[in-house]
Amino acid sequence: MSKVKFEKIKRPEKIGLPFMLDFYPLQDEKNTRISQFFKNLKQGHLTTTKCKKCRKLLWPPRIVCPECLSENLEWVDLGVEGELYAFTEIRLGAPLGFVEDVPFCVGIVKIGSLLISTRIDDAKYEELKIGDKVRLKVVELPDRRVFYRFYKTKEQ
Ligand SMILES: [Zn+2]
């Protein structure tokens, strides 16, 4: 079971988002210097940058190492499996565009030395526990922008 799950998602047509509150970032080369992250994600790979000078693994992906200020970074694949480090359920106060999804779970997933904030899909709060194995899922908006989420795997 190595294939990554992809899911088409929608967001409400009318949320009148102020641009800065659009949860999904602009992902092309014209708008971000980490466009490679989104290109990789579209292929089912969760990646980040690692500093080639001081070897620090960075999350979120960066264009400059915050440790040594080097711009000499490389892309590394984080794999598709992680462990649930912390989680909670959103019942109120969901961000714009997510109100219809309430209740849903969010959490922190541990992959190696990294702690990644993410939505946790396909499980109710009561079904989750710290240490659960979770797996990468790529969600895609109608305009082709993608983002990562995780979901609890059946085999624990
Ligand atoms: Zn560095």
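Atoms within a ligand are numbered from 1 in the order they appear, just like the ligands themselves. Every heavy atom of this structure was used, including side-chain atoms; hydrogens, water molecules and symmetry mates were not.
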Please check this pair: side chain of N31 against backbone of D28, looking for a donor-acceptor N/O pair closer than 3.5 Å.
no

Proximal protein heteroatoms (N, O or S) of the Zn ion (ligand 1), under 2.8 Å
C51 SG, C54 SG, C65 SG, C68 SG

E89 and R91 ion-paired at < 4.0 Å
yes

Candidate pair E29 and K39, rule salt bridge (charged side-chain N to carboxylate O under 4.0 Å, His left out), full reasoning
CA-CA 10 Å; E29 283 171 39; K39 283 182 196 159; 2.5 Å; yes

D121 and side chain to side chain contact (heavy atoms under 4.5 Å, CB included): which partner among K137, K5, K152?
K137

With heavy-atom distances below 4.5 Å as the criterion, would you say the side chains of Y148 and V138 are in contact?
no

Ignoring hydrogens and geometry, is there a side-chain-to-backbone donor-acceptor pair from T49 to R62 under 3.5 Å?
yes

